[in-house]
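First comes the structure, then the notes that go with it.
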Amino acid sequence: MKSLQPELERRSKEYLYRRRRVVESPQGPVLSVDGRQMLAFCSNDYLGLANHPEVVAALQRGAEQYGAGSGAAHLVTGHSQAHHALEEELAAFTGRPRALLFSSGYQANLGVIGALLGRGDLLCEDRLNHASLVEGGLLSRARMRRFPHRDMAALGRVLSKSGHGDCLVATDGLFSMDGDLAPLPEMARLCNERGAWLLVDDAHGLGVLGRGGRGTIDHFGLGVESVPILMGTLGKAFGTSGAFVAGSEALIETLIQQARSYIYTTASPPALAEATRASLRLVQAADDRRQWLRELIALFRAGAEALGLPLMPSETPIQPLLAGTSARALAWGAALEQQGILVSAIRPPTVPEGSARLRITLSAAHSRQQVERLLGAMEALSLGDE
Ligand SMILES: *Cc1c(COP(=O)(O)O)cnc(C)c1O
């Protein structure tokens, strides 16, 4: 049998080895990690709802009513009243005829792409799309064309030569590692011209951008006519877990019939759906949290700019600092960790070669003092000097 050790050693030598930390506390700006209190800037809990008392109480009530597990897939007996109510509320929230719950965003992307495309069809993707959108394409057996990040002229060229067959354009709404937005109005126009479907994965935009947290599509003033397929996740700003796809009646019925990652998996616990219903109510009423988050983003960017740090053009809670090499990103992360601050170093293949970075994420749960402490630690390390 082949030895696995050489590959593990290669990863380690190239600063690509990944390790897990063990967290002992609930989510929040201060985490107890591996026995140590750390100030954290790495979660996607943008609104601070993951440990909100109303969400936790709804999970507990849900467990009392439905027990721990769903017992089966949605198409057998796993589809509870809690799931059903949440789907109706997500459809209303996103202004779409229907929504369908998935157990994770990863599965939702595999399911949608696989249900809509097959051999002979075409899938166009931004080069920086999330891994699950890429995997969905590979599984579907459609031809895949990846265009340079946010390059609409390149997308236009691909679409003009797309030939016959169905065509789907898929993009992150708010890019998970760069924090910038897809140019959705232009993208929607190109898709409309070609008669292509547009799928927006808004894992990071929902709850954060748009009116009442309706996300990137709403931020651009677009709706279901221009972006027929919205995928949203519930483990980020919603603070719980799972995902959904929202769109037309025919889209959702097609997914129920054909999305394999929907059909062949156990429904998530009904109690979790109850928790998400509570968090959806909070998200819609969270204009004050979104306002505070914008103030923290402005505070961080102004401070980082004054220190000469390598900021990227992002106006969102995702604020990457470009390090270049994996070694450098890891060294920055380790230096901050020594000061009691946790920031994730993101390396290839999650980001392109040569663009390793610290991925700093801000949350409405952070205080001004905490962001100032982060800036102070960065100043002490002179991260901007080289
Ligand atoms: C996190 C994420 C996913 C996956 O969602 P999960 O529910 O965590 O599986 C998909 N797309 C994007 C852009 C993400 O950031």
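Both ligands and their constituent atoms are indexed starting at 1 by order of listing.
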Can you list the atoms of ligand 1 that are under 4.0 Å from a heavy atom of [X]?
{"X": "Thr233", "answer": "5 (O)"}
{"X": "Ser104", "answer": "7 (O), 9 (O)"}
{"X": "Asp172", "answer": "13 (C)"}

Quiz item: Any non-hydrogen atom of Lys236 lying under 4.0 Å from ligand 1?
Solution: yes
Quiz item: With a 4.0 Å cut-off on heavy atoms, does Ala243 reach ligand 1?
Solution: no
Please state which protein non-hydrogen atom is closest to [atom] and give its distance, to 0.1 Å?
{"atom": "atom 15 (O) of ligand 1", "result": "His204 NE2, 2.5 Å"}
{"atom": "atom 13 (C) of ligand 1", "result": "Asp201 OD2, 3.3 Å"}
{"atom": "atom 6 (P) of ligand 1", "result": "Gly105 N, 3.3 Å"}
{"atom": "atom 4 (C) of ligand 1", "result": "Tyr106 N, 3.6 Å"}

Is it true that [Y] and [X] share a donor-acceptor pair across their side chains at a distance under 3.5 Å?
{"X": "Thr240", "Y": "Thr276", "answer": "yes"}
{"X": "Asn129", "Y": "Asp201", "answer": "no"}
{"X": "Thr94", "Y": "Arg214", "answer": "no"}

Quiz prompt | Qualifying residue for side chain to side chain donor-acceptor pair (under 3.5 Å) with Ser162, from Arg143, Arg145, Arg194 | solution = Arg194
Quiz item: Of Arg290, Gln284, Arg289, which meets side chain to side chain donor-acceptor pair (under 3.5 Å) against Asp287?
Solution: Arg290
Quiz item: Can an N or O of Met231 be found at a distance shorter than 3.5 Å from an N or O of ligand 1?
Solution: no
Quiz prompt | Carboxylate-amine/guanidinium contact Glu89 Arg277, below 4.0 Å | solution = yes
Exercise. Verify the neighbour count for atom CZ of Arg141: are there more than 12 heavy atoms of other residues, nucleotides or ligands below 6.0 Å?
Key: no
